[in-house]
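Only heavy atoms go into these numbers, but all of them, side chains included; no hydrogens, no water, no symmetry mates.
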Amino acid sequence: MALPIEDYALIGDCQTAALVGRDGSIDWLCFPRFDSASMFGALLGNEDHGRWLVAPVASLYESATVTVTRKYRENTFTLITTWVTAEGEVEVIDFMPYGNRRADVVRRIRGVRGSVAMHTELLIRFGYATALPWLRQAPEAGGHAVIAVAGPDAIVARGIELHSADHKHTANFIISAGETRDLTMTWYPAHRNPPSAVNVDEVLAHTSEWWNSWASHCEPTEKYPEIVKRSLLVLRALTHEDTGGIVAAATTSLPEWFGGSRNWDYRYVWLRDAALTLHVLLDHGYVAEAEAWRRWLLRAIAGDPADVQIMYGLSGERWLEERELDSLPGYEGASPVRIGNGAFNQFQGDVFGEVMVALQAARRAGVHENDFSWPLQRALMTFVEDNWNRPDNGIWEIRGPERHFTHSRVMLWAALDCAITAVEEFGLEGPVETWIKIRAEIHEEIERDGWDAERGTYTQYYGGTGVDASLLQLPQVGYLAADDPRMLGTVAAIEEELLVDGLVLRYLTESGVDGLPEGENPFLACSFWLVEQYASSGRLADATMLMDRLVGFANDVGLISEEYDTVNERQAGNTPQALSHLALVRAADAISKVTSLK
């Protein structure tokens, strides 16, 4: 069975990523892209669904005394796992080389003290565990090498002589103080010859240098600087190097509710999440990333604005048909396991606001409007002009009936507000009178239909009585001030209705609004939004108290998933979650801003 979600660390090369467990097993890996089929799928099943274990022999026995600690080397995704056994101490250094245009995983074992018996176990299961590969010893590939092939996929594993047993390949070896042994695995298209062996010293040095150089440009926060920097690094690791697309998470189908069916594929680019990521990167000095993402956006949504989707593949692919797999039983039995995401054909009006807000932030940061950028925004606004009154599926991709969600209406207001600002402050051309008129109509409608005067709160949707955590974003886009009485009333309603053990639910799933079985853990981004709201409305002590608690949910290497199970005190949902990490950065920024003014 897979480990608790918080027991996994991420390694990546900005093309894809792997999850490495505290037990030394790589339980999730999709080569060559984030959204490729898995070759290690034990995360969504067990070891028979593919994994690569490297660990002391003693760790395989419950009776043995073994301690394990982990950390990232400086500001990188080079993972160092230190094992201490009765016989000695050993380090396993896991990383994926950056920038070599290959699909490599490197596992360097270094003896620190004494002599430690080690065990490695390799089970390749291509195609989401549907393809058992043909394996053979391949001395022609250099040294001890094994090649595995199935259909279009192939890998070559080097570094130690592996022995076949029960459809897996294993080896035992001794590592003594001062010794180093490198195990490598490289994916390649099966119709090609296997790539040459990687020079581990060179790629390790280059990879470390690149990540540290990227991190050195980060403009730090006064409060929570280390977890903020790690969160920004996570956002960079989830950004596809070639295309500029930013995936929402590295995984699919990790459950929002253990044992339930709310299991979704997050290995795609949501315009919302990517736009919000762009905003926090800009706030911390990363202008080049903004330019790369804008280029991705221009490519992805080129054409008729009526065809704009809320999400795309890494290269701008539009067809993301949702399918259920029977080859993987699911994390702790939570099924179905899904690939693709049916939300790609939903209408979510809020996306236009998030995109326009992010592009306005890019303008303010000095990103030049090229020949395509403003025309693209004009095209988006033309679509808004024609469709602003449509009901939608909302920020949470509701699979129930379309409604006029208050948050979506506010974000459409924000899209128009940004377009008006572009004309009035930056001298760009556009039908500003039309935009001003529609903006006023939306504002009037929100205050009339999205406001519950009796409770003194904005509502989740027009005509509804419940609230939604997305309403915490209203001050973030300038719709009203954080200390406006209407916002304070909304916060009070959210605290009353959506707080569970001090954390914020997205909405009440038992209301039936989403058309899915009820049951969900608190959504971490929403709690970070509440921190930002507290800080911005004068409740600094409450903001700091909640922030300290939320930061404490990060695992030992600073990663945060989508949700948190307060009953069992464990992470839930896909991981690491871009929305959680970017909301953490915004919350830290808000606290730092208020603190600096005192």
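Pairs engaging residues 71-94 under the salt bridge (Lys or Arg N to Asp or Glu O under 4.0 Å) rule: Glu89-Arg113, Glu91-Arg110, Asp94-Arg107 [sequence neighbours left out]. Residues in residues 253-272 take part in these salt bridge (Lys or Arg N to Asp or Glu O under 4.0 Å) pairs, two or more places apart or across chains: Glu256-Arg506, Arg262-Asp514, Asp265-Arg267, Arg272-Asp350, Arg272-Glu354. The salt bridge (Lys or Arg N to Asp or Glu O under 4.0 Å) contacts involving residues 53-64 comprise nothing, where partners must be two or more places apart or lie in separate chains.
Side chains of Asn574 and Thr251: a donor on one and an acceptor on the other come within 3.5 Å.
When ring centroids are compared, Trp28 and Tyr8 stay outside the 6.0 Å threshold. Between Trp270 and Tyr312, the ring center distance fails the sub-6.0 Å criterion. For Tyr72 and Phe77, the gap between ring centers is short of 6.0 Å.
Thr184 is not listed as a side-chain neighbour of Asp104, based on a closest heavy-atom distance of 4.5 Å or more.
In summary, Arg570 and Asp565 do not engage in a salt bridge, as defined by a charged side-chain N under 4.0 Å from a carboxylate O. Between Asp556 and Arg70 there is a salt bridge, with a side-chain nitrogen of the basic residue lying less than 4.0 Å from a carboxylate oxygen of the acidic one.
For the residue pair Trp214 and Leu233, the shortest heavy atom distance occurs at CE3-CD2, 3.7 Å. Smallest separation of non-hydrogen atoms from Ile175 and Gly111: CG1-N, 3.6 Å.
A tilted orientation is assigned to the rings of Phe31 and Trp187, their planes being inclined by 30° to 60°.
Distance check: Leu122 CG to Leu162 CG gives 6.5 Å after rounding to the nearest 0.5 Å.
A distance-only check finds a donor-acceptor pair linking the side chain of Thr221 to the backbone of Lys223 [under 3.5 Å]. Side chain of Tyr331 to main chain of Leu3: a donor-acceptor pair is present (N/O by atom type, distance under 3.5 Å, no hydrogens or angles).
Within 6.0 Å of the CG atom in Asp326, the count of heavy atoms belonging to other residues, nucleotides or ligands does not exceed 12.
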